[in-house]
Q: 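Input: one structure, supplied below.
If you're wondering where the values come from, they're calculated on a predicted model, not measured in any experiment.
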Amino acid sequence: MNQTGITARDLFHLKSVTDPKLSPDGSMAVYVQTRIDEKTEKYISNLYMFSLITNETKQWTFGDNRDTSPAWSPDGKHIAFLSDRSGKKQVHIMGSIGGEARQLTHFTNGATTPIWSPCSTKLLLSTALKKGETLDTAEENEWSKEIHRYERIKYKWDGRGYFDHLYHQLVIVDVLKNESVVLTDNGVDHLPNAWSPDGLHIAFVCGDADKSDDELFSDIFTMEVETKSLRKVTNSTGFYKDPKWSPNGEYLSYIGHDKEFAGATLSKIWLYTFFDQTTQCLTDGWDVEIGDSAIGDFQIGAVDPGILWTNDSQGFYFLISDYGNTGVYYGSIEGAMYPSILDAQHIYGLTIDPESHRAVVAISTSVHPGDLFTYNLTNGDKEQISFVNEDFLKDKHVSLAEPISFPAADGLTIHGWIIKPARLDENQKYPLILEIHGGPHMMYANTYVHEFQTLANEGYAVLFTNPRGSKGYGQDFVNACRGDYGGMDYSDLMAGVDYALATYDFINAEDLGVSGGSYGGFMTNWIVGHTNRFKAAVTQRCISNWLSFYGVSDIGYYFTEWEIGGDIVHSAEKLWHHSPLKYVGNVETPLLLLHGERDYRCPVEQSEQFFVALKRQNKEAVLVTFPDETHEVSRSGSPKMRLGHIEEIKGWFNKYF
């Protein structure tokens, strides 16, 4: 049978499975399955239930809405989840044996992921409120009809928009009484995270309203629910998240770092002991990134579970990012770390039975968009339990990503992959597209990327690497590009191209393309200003001018200082030196610029500046913008815009090759 390759429009046929959650007794797993409705071009997410006893799967919620974030009550009798079926994301609850879902919250500005109390009668969550507003007095937000006045640097956020005077406050909802109590009321966002085993305390993450512009940090707090008295666990020196109590209540684990290398610092695991109020870093000296740092464009709604304690309170499981893969480790309270799952794959979801050490994991590879597997973490036994794309993919050719390693100019080893063209004929020559990830402190991984598969089906070889600055290769490596954007990171990427040309005879050295988004967009702009070896280029949600980026991005003022090494007042020359716009006169490569119009991370004016400068020189350039889309346009943007984004990339390269 002749198989066809992956096309851009296959987005409408592929499904994703995410956020698995095992029941308290370990017999059932609920998860989210997401598809795109081809007629309405909307995402539809429903909950599904898998029985580990009968191996049967049943659809649990229905309708053309987004049902996400399932959470089991500790007694196993109910599942709470978020649904937008009423217009905004609200908490709904249904019995674990099925039946109709009941809407629990009716908050004006919606609700966040619910967290059950140990007694299964209350839920901890947050909702957005204006300062001084209560749940009863909240009115529809009409801030857009008012004059906007800003006194803080943080006045806009990508995906959230301009400051609307709303802050996420902690709320406890009594499920039985259907009553809600607001626990906080101050000018800072709160991220609820956990209950103490006795149900008397909660843990959450927030910053400092007075210092959030200048002293960037997030702290861990615990609160006694009855009195609202607070205990601050961290000391406002870094970024911390995911506080979780050990089952015996003696410890609080959390993840984070003290910003030793600013935004390039690897996260660590910390343990706070309540008895003597001491803190210990359990992974000090371990040169591994905690959590999932993989970049992809397919798994909608993937959730990193953070720390998952075992019932004996002696250890926990967690995800790590290493050498282009994500794996599962077990850590002990003494600081010993043991690998549980280390394979060439991307684990983008994890849930465990804390008693039996059985798990359900969500796994993707370059040729597998993602499915769920049961996993015995003690002996490695593994069994696939979801097959959501099996029927569709049986007639499709998905191109394998072949791992490669090559030396950088200074001797460092750089790791990456090459995807060969679909229907490869060794006697033919094919164009090569270099893809560059964003961050830059993230990593490409052994995971399915729809854009890459679409290009491979069009007859392109796709090269994607993790140059210095990427996570997954140690602290020195991830820090190595700071202050040197366009230096050795650029050299690493060119070394990858040189390696591919020297290694693969089927690549045509005269037919090279380059593309990347965010930091990858910056680097694409930099590349075309420093070499003419590429025949065509596509820059996505790019940075072109660090001087203006400093003042228009939601992170520009501190990101520029951290990454480039200067500010607009004292270091304008350095910022300009690292700006691709400075070198726009050298560009000869035809350039397509893609940008979301509501991108506040790398605002659209970054593409506009570069585009206008090119056109004023009569250079070949096209600017394509995507209405109402944010920085996430190619990953979680509207299906129509995601499809259009890939089609634009494909069409541009097809024009020149």
Q: Looking at Arg9 and Glu38, is any side-chain nitrogen of the basic one under 4.0 Å from a carboxylate oxygen of the acidic one?
A: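 Salt bridge between Glu38 and Arg9, a charged N being under 4.0 Å from a carboxylate O: yes.
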
Q: Does Asp511 offer a backbone N or O that forms a donor-acceptor pair with the side chain of Tyr430 under 3.5 Å?
A: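 Checking the backbone N and O of Asp511 against the side chain of Tyr430, no donor-acceptor pair under 3.5 Å is found.
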
Q: Return the orientation label for the His578 and Trp526 ring planes: parallel under 30°, perpendicular over 60°, tilted otherwise.
A: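 Because their plane-to-plane angle is under 30°, the rings of His578 and Trp526 count as parallel.
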
Q: Phe559 and Trp562: aromatic ring centres closer than 6.0 Å?
A: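 Between Trp562 and Phe559, which both carry aromatic rings, the centre distance is not below 6.0 Å.
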
Q: For atom CG of Asp381, decide whether the heavy atoms of other residues, nucleotides or ligands shown that lie under 6.0 angstrom number more than 12.
A: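 Buried by this count: over 12 neighbours within 6.0 Å.
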
Q: Passes salt bridge (Lys or Arg N to Asp or Glu O under 4.0 Å), Asp10 versus Lys396? Steps please.
A: CA-CA 10 Å; Asp10 285 341; Lys396 288 284 183 176; 2.9 Å; yes

Q: Please determine whether the number of non-hydrogen atoms from other residues, nucleotides or ligands lying under 6.0 Å from atom NZ of Lys640 exceeds 12.
A: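 At most 12 heavy atoms, drawn from other residues, nucleotides or ligands, come within 6.0 Å of this atom.
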
Q: Might you work through the side chain to side chain donor-acceptor pair (under 3.5 Å) test for Asn446 and His346, ending with a clear yes or no?
A: CA-CA 6 Å; Asn446 267 308; His346 174 205; over 6 Å; no

Q: Between Met494 and Arg533, is a side chain to side chain contact (heavy atoms under 4.5 Å, CB included) present by the stated rule, with each step listed?
A: CA-CA 10 Å; Met494 295 304 98; Arg533 71 187 300 188; 3.9 Å; yes

Q: Roughly how far apart are Asn466 CG and Ser405 OG, rounded to 0.5 Å?
A: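 So the CG of Asn466 and the OG of Ser405 are separated by 10.5 Å.
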
Q: What's the spacing between Ser340 OG and Tyr375 OH if we round to 0.5 Å?
A: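 Atom-to-atom, Ser340:OG and Tyr375:OH are 9.0 Å apart.
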
Q: Rounded to the nearest 0.5 Å, how far does OG1 of Thr524 lie from CG of Leu591?
A: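 Interatomic distance, Leu591 CG to Thr524 OG1, rounded to 0.5 Å: 8.0 Å.
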
Q: Where is the tightest heavy-atom contact between Phe653 and Leu455, given as atom of each residue plus distance?
A: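 Phe653 and Leu455 have their closest heavy atoms at CD1-CD2, 4.2 Å.
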
Q: Should Leu266 and Val478 count as side-chain neighbours, where that means a heavy-atom distance under 4.5 Å?
A: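 In short, these two side chains touch, coming nearer than 4.5 Å.
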
Q: Can you check whether Val17's main-chain N or O pairs, donor with acceptor, with Asp371's side chain at less than 3.5 Å?
A: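 No, the answer is negative, given that no donor and acceptor are paired below the 3.5 Å cut-off.
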
Q: Output, in order, the C-alpha distance, side-chain angles, deciding distance and verdict of side chain to side chain donor-acceptor pair (under 3.5 Å) for Ser634 and Gln540.
A: CA-CA 9 Å; Ser634 66; Gln540 309 172 36; 4.6 Å; no

Q: Apply side chain to side chain contact (heavy atoms under 4.5 Å, CB included) to residues Leu393 and Phe387 and explain how you reach the verdict.
A: CA-CA 10 Å; Leu393 291 178; Phe387 304 85; over 6 Å; no

Q: How close do Ile255 and Ser267 get, heavy atom to heavy atom, and via which atoms?
A: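 Here Ile255 and Ser267 meet closest at CG2-CB, 3.9 Å.
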
Q: Is there side-chain contact between Met641 and Pro627, with at least one heavy-atom pair below 4.5 Å?
A: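 Met641 vs Pro627: side chains touch.
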
Q: Does the separation of the ring centres of Tyr550 and Tyr557 fall below 6.0 angstrom?
A: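 Not close enough - the centres of the two rings lie 6.0 Å or further apart.
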
Q: Determine the minimum heavy-atom distance between Ala621 and Leu593, stating which atoms define it.
A: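 Smallest heavy-atom distance, with atoms named: CB-CD1, 4.3 Å.
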
Q: Establish, yes or no, whether a centroid distance under 6.0 Å links the rings of Tyr338 and Tyr329.
A: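 Judged by ring-centre distance (under 6.0 Å), Tyr338 and Tyr329 do not meet the cut-off.
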
Q: Quick check for you: to the nearest 0.5 Å, what is the distance between Asn618 atom CG and Arg616 atom CZ?
A: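 So the CG of Asn618 and the CZ of Arg616 are separated by 8.5 Å.
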
Q: Which is it for Asn457 and Thr454 under the side chain to side chain donor-acceptor pair (under 3.5 Å) test, yes or no, and what are the steps along the way?
A: CA-CA 5 Å; Asn457 185 50; Thr454 300; over 6 Å; no

Q: Run the side chain to side chain contact (heavy atoms under 4.5 Å, CB included) test on Tyr504 and Lys420 for me, step by step, so that the C-alpha distance in whole Å, both residues' side-chain angles and the decisive distance to 0.1 Å come before the verdict.
A: CA-CA 10 Å; Tyr504 299 99; Lys420 296 177 180 179; 4.3 Å; yes

Q: Does the Lys NZ or Arg CZ of Lys382 fall within the cation-pi geometry relative to Phe373 - under 6.0 Å from the ring centre and within 45° of the axis?
A: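 Yes, cation above the ring, under 6.0 Å and within 45°.
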
Q: Is any NZ, NE, NH1 or NH2 atom of the basic residue among Lys15 and Asp391 found under 4.0 Å from an Asp or Glu carboxylate oxygen of the other?
A: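 Result for this pair is no, no salt bridge flagged.
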
Q: Mind checking what makes side-chain hydrogen bond (donor to acceptor under 3.5 Å, both in side chains) contact with Thr625, not counting sequence neighbours?
A: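 side-chain hydrogen bond (donor to acceptor under 3.5 Å, both in side chains) list for Thr625, sorted by chain: Glu597.
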
Q: So which heavy atom on Ala401 is nearest to which on Ser366, and how close?
A: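 Of all heavy-atom pairs spanning Ala401 and Ser366, the closest is N-OG, 3.1 Å.
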
Q: Hey, could you give me the OG1/NZ distance between Thr589 and Lys619, rounded to the nearest 0.5 Å?
A: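 These two atoms lie 9.5 Å from each other.
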
Q: Hey, could you give me the CG/OG1 distance between Leu350 and Thr326, rounded to the nearest 0.5 Å?
A: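 The distance works out to 10.0 Å.
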
Q: Could you go step by step and tell me if Gln609 and Asn545 meet the side chain to side chain donor-acceptor pair (under 3.5 Å) rule?
A: CA-CA 8 Å; Gln609 287 185 71; Asn545 182 356; 3.0 Å; yes

Q: Tell me whether the rings of Tyr444 and Phe464 are parallel (<30°), tilted (30 to 60°) or perpendicular (>60°).
A: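 Rings of Tyr444 and Phe464: perpendicular, as their planes differ by over 60°.
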
Q: Can you name the nearest heavy-atom pair linking Ile419 to Ala456, along with the distance?
A: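 Closest approach of Ile419 to Ala456: CG2-CB, 3.8 Å.
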
Q: Taking all atoms of both residues into account, what is the closest heavy-atom pair of Asn389 and Gly370, and its distance?
A: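 Answer, listing the atom of Asn389 first, then Gly370: ND2-O, 4.4 Å.
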
Q: What do you reckon, is NZ of Lys241 surrounded by more than 12 foreign heavy atoms closer than 6.0 Å?
A: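 No.
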
Q: Counting C-beta onward and ignoring hydrogens, is there a side-chain heavy-atom pair between Ser364 and Phe298 closer than 4.5 Å?
A: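 No - every pair of side-chain heavy atoms lies 4.5 Å or more apart.
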
Q: Can Leu319 and Tyr348 be said to form a side chain to side chain contact (heavy atoms under 4.5 Å, CB included), step by step?
A: CA-CA 9 Å; Leu319 298 179; Tyr348 63 92; over 6 Å; no

